[in-house]
Every structure is written in C-alpha cells, then in structure tokens.
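These numbers come from a predicted model, not from an experiment. By convention here, the first residue in the shown sequence is residue 1.
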Amino acid sequence: MKYIELAKKLKEGIERVYLIEGDDAFFRDGAVKAIKEACNLTQPLLNESCTEGETLKGDGLTAFIGSLYTAPMFDELRFVRVNSLFLGEREWERFKGYCEKPCPSTVLVLVNAVKKQDAVDLKRKGGITYVDCSRESEETLTRWLFTLMRREGLVPEQDAVSFMVRCCTQDAARMKSETLKLKSILGEGGRVTRAVVEEYVPKDAEYKIYELTQAASRKNFDAFTDILTDLTVKGFDEIAVLSSLCSHYRTLAEIASSNLSDKELAETLGVKPYAVGKNREAVARLGAKRVCELYRKLYALSCGGKSGVYHKSGALTAAIANIFFG
C-alpha cells in the first residue's frame with residue numbers, strides 16, 4: 001500500500017509485521033509514527049525498542065526472533081522497530097517462520113530507505129505488510145497536501161495547493177513545515193490562495209530553474225533576467241544554469257522531432273502529458289527548426305564551459321544571446 005493509504009488501513013486494524021521502504025524520509029518517519037500511535041502504548045519505555053539490522057547476523061538473528069515473543073508489560077502490544085534489515089536467502093529461511101506466524105502481541109516494523117541489490121526482496125514475501133514510502137507523483141502529493149491543510153484548519157484553493165507542491169519541488173517534509181507556517185500566519189479557517197503561497201512560501205532553486213526555462217521559451221527577457229539575477233545572487237553556478245537551459249531545449253528538440261502522442265512522449269521522457277502539451281506549444285511558437293538549432297548551440301556552449309574552452313560566464317552570456325537575439 002502507499003503511505004497515504006496507511007492511516008485508513010490502521011483504522012481497520014494493526015498488522016503484526018510491516019515493511020516501510022522508500023526514498024522519502026518524511027513518509028518513512030510518518031509511517032512509523034502512525035503505526036506506533038495505533039499501538040496506543042502507555043508504557044513506551046517498557047514496550048518499545050529499536051534495533052539496527054546490521055547487528056542481526058548469525059546467532060544475533062536467532063536471539064532477536066526469540067525476543068519477539070516477549071510479552072508486553074502493562075500494555076496490549078509491544079512495538080519493535082528494525083532499521084536497515086537486509087537478509088540473504090539463508091537468513092530469510094530462518095526469519096520467514098516468524099513472519100508467517102508472528103507473535104500476536106508484537107508489532108514488528110522493518111524500516112529500509114532502499115532495497116539492497118543482493119538482499120531478499122521482503123515486500124514480495126508472505127506475512128509482511130508493505131508500505132511504499134517512495135516519492136509520490138505531483139497529482140498524489142497535491143491531494144495529500146489539500147487534505148493536510150484541511151486537517152490543520154485551513155481552507156485551501158486547488159490552484160494554490162498545486163502551485164505550492166511545485167514551489168516545494170514535491171518535498172513532503174517541506175510542504176508540511178510550510179503548511180504549519182501558513183497556519184500560524186493565517187490562523188484557524190485561513191484561506192490559502194495562490195497569492196498567499198506566492199507571498200509566504202519561498203520557491204526552491206529547482207522551481208526557479210523551471211520558471212527560467214519557461215521565460216526563455218516565451219522569449220520574455222525581463223522575466224528571464226529577474227529570475228537569473230535571483231539565482232546568481234543566491235550562488236547558483238552559471239554552468240548549472242546553462243545545463244538546465246540545454247536540458248530544456250533538448251526536450252523541446254526531442255518533442256519537435258517526434259511523431260509520438262503526448263501520452264507516449266510523456267512515458268518516454270518521464271514527464272506528465274500536460275508538460276508535453278505545454279512544451280509542444282513552445283515548439284509551435286519558436287518553430288521546430290529553431291528549437292533544434294538552439295539545442296545544438298547550447299549543447300556546444302555547455303560542453304565548452306564545462307571543459308574550460310569557454311569561461312563559464314561567457315558561455316552563459318553567449319547562450320542568452322542566442323536564445324533572445326539569435
């Protein structure tokens with residue numbers, strides 16, 4: 001199940017063995033917290049423990065499995081967390097018996113940031129409830145953030161929520177902290193509009209780069225220079241900016257030379273069909289031939305700037321001249 005489904009599932013009942021796995025630390029920590037709260041421990045000092053998986057080798061694994069049958073004290077359940085448990089096939093053979101018939105008074109939570117290539121894939125094994133804590137899509141995060149704001153007593157507008165997800169570059173931890181900040185500013189029942197987000201939620205450099213490339217596509221020189229100045233004042237490297245521009249025009253060139261549908265291109269490029277549609281508009285505005293020509297020039301300047309053939313400031317200046325005045 002996905003992380004956002006966990007709260008609903010916990011209302012239906014607590015499983016006895018969970019695997020929380022994924023690259024989003026905020027979701028991993030949130031899943032652990034939700035399961036622990038569902039256990040409703042009154043004596044956490046007695047009935048909660050945390051172990052590192054690295055220590056569970058050989059006899060250590062046998063002793064750990066035995067410890068899982070320890071009865072809770074003054075609570076109905078024990079909560080046992082194991083970080084980074086990676087088992088080989090032989091170790092899994094010793095561990096799977098517990099997963100198939102776990103202790104009814106122990107909730108075992110295995111927490112892994114990623115799966116090791118040579119380790120058993122625990123999420124495919126029986127007796128383990130898998131909670132997917134990998135990074136979510138923009139659409140899913142928008143729904144999650146909308147619900148979070150409502151839960152915090154705010155009144156969000158859909159456009160504002162979508163904009164905030166992009167401003168925070170889909171970082172769930174930052175979205176949570178920015179939501180709490182907006183709550184302190186707006187108060188209970190405060191309306192979250194796009195104007196509010198623009199005023200109080202600072203944009204990440206990644207979103208600034210997105211705005212920069214869009215300004216370049218629209219040939220809006222004033223907006224482009226304002227964003228570029230903001231980035232360079234904050235220490236953003238010229239070569240990084242040039243690489244981002246080059247990547248943007250490469251995408252436009254790929255779209256210009258492709259006969260695939262928006263959906264097929266989105267899957268190939270790893271973006272949303274909506275983004276493909278917007279980039280098609282840029283190609284139509286600039287012309288397919290011009291887009292491909294710009295990409296070749298920017299690629300050459302980017303390579304020259306990285307290799308030292310051109311000074312990085314000069315390479316970026318030449319790229320800007322080609323985009324707006326070429």
Side-chain angles (χ1 to χ4, degrees), residues 1-136 140 144 172-173:
M1 81 181 89
K2 288 285 191 178
Y3 165 76
I4 59 174
E5 301 173 290
L6 179 60
K8 181 179 178 181
K9 291 291 184 181
L10 287 171
K11 291 178 181 177
E12 298 172 3
I14 307 174
E15 302 294 340
R16 292 303 179 261
V17 184
Y18 288 93
L19 170 65
I20 297 173
E21 190 173 81
D23 57 1
D24 195 309
F26 177 80
F27 285 158
R28 291 199 309 272
D29 292 343
V32 171
K33 182 180 178 182
I35 295 169
K36 184 161 52 176
E37 288 178 350
C39 291
N40 196 29
L41 301 182
T42 62
Q43 302 294 327
L45 292 177
L46 300 175
N47 296 314
E48 181 183 335
S49 68
C50 182
T51 304
E52 295 302 318
E54 189 62 33
T55 65
L56 305 182
K57 303 294 181 183
D59 293 340
L61 180 60
T62 303
F64 173 72
I65 293 171
S67 73
L68 293 173
Y69 292 96
T70 303
M73 298 182 66
F74 310 112
D75 273 317
E76 293 184 6
L77 297 170
R78 291 180 66 236
F79 178 87
V80 180
R81 171 176 177 168
V82 182
N83 295 320
S84 304
L85 181 66
F86 302 110
L87 302 175
E89 287 291 347
R90 297 178 70 178
E91 292 169 317
W92 167 249
E93 287 301 315
R94 295 162 57 198
F95 190 62
K96 74 175 183 179
Y98 179 82
C99 294
E100 291 169 353
K101 292 185 178 180
C103 176
S105 61
T106 297
V107 176
L108 174 62
V109 179
L110 311 175
V111 185
N112 294 342
V114 292
K115 176 192 170 296
K116 276 193 175 179
Q117 195 167 7
D118 57 347
V120 168
D121 191 353
L122 294 174
K123 65 177 174 286
R124 300 184 182 277
K125 299 299 182 180
I128 298 178
T129 300
Y130 171 52
V131 183
D132 182 359
C133 291
S134 54
R135 285 189 178 270
E136 293 285 2
T140 300
W144 174 77

One pair to check against side chain to side chain contact (heavy atoms under 4.5 Å, CB included): F64 and V80. What are the steps and the verdict? CA-CA 10 Å; F64 173 72; V80 180; 4.0 Å; yes
For [X], is the [atom1] atom crowded, meaning more than 12 foreign heavy atoms sit under 6.0 Å from it?
X: E54; atom1: CD; value: no
X: E93; atom1: CD; value: yes
X: K123; atom1: NZ; value: yes

Which pair of non-hydrogen atoms, one from [X] and one from [Y], has the smallest distance, and what is that distance?
X: G127; Y: V17; result: O-CB, 3.5 Å
X: I20; Y: C133; result: CG2-SG, 3.6 Å
X: R16; Y: P104; result: NE-O, 2.7 Å
X: R78; Y: S49; result: NH2-OG, 4.3 Å
X: Y69; Y: K101; result: OH-O, 3.8 Å
X: Y3; Y: A31; result: CE1-N, 3.4 Å

From [X] [atom1] over to [Y] [atom2], what is the distance, rounded to the nearest 0.5 angstrom?
X: L6; Y: M1; atom1: CG; atom2: CE; result: 5.5 Å
X: L122; Y: W92; atom1: CG; atom2: CH2; result: 6.0 Å
X: D23; Y: N112; atom1: CG; atom2: CG; result: 12.5 Å
X: F95; Y: K125; atom1: CZ; atom2: NZ; result: 12.5 Å
X: Y98; Y: I128; atom1: OH; atom2: CD1; result: 11.0 Å
X: R81; Y: K36; atom1: CZ; atom2: NZ; result: 7.5 Å

S134 side chain near K2 side chain, heavy-atom distance below 4.5 Å: yes
Whether F26 and W144 hold their rings parallel, tilted or perpendicular, with breakpoints at 30° and 60°: perpendicular
Consider side-chain contact (heavy atoms from CB on, under 4.5 Å). Of [options], which one does [X] pass it with?
X: P72; options: N47, L77, V107; answer: N47
X: F79; options: V32, T106, L108, I14; answer: V32
X: V120; options: K96, R90, E91, E89; answer: E89

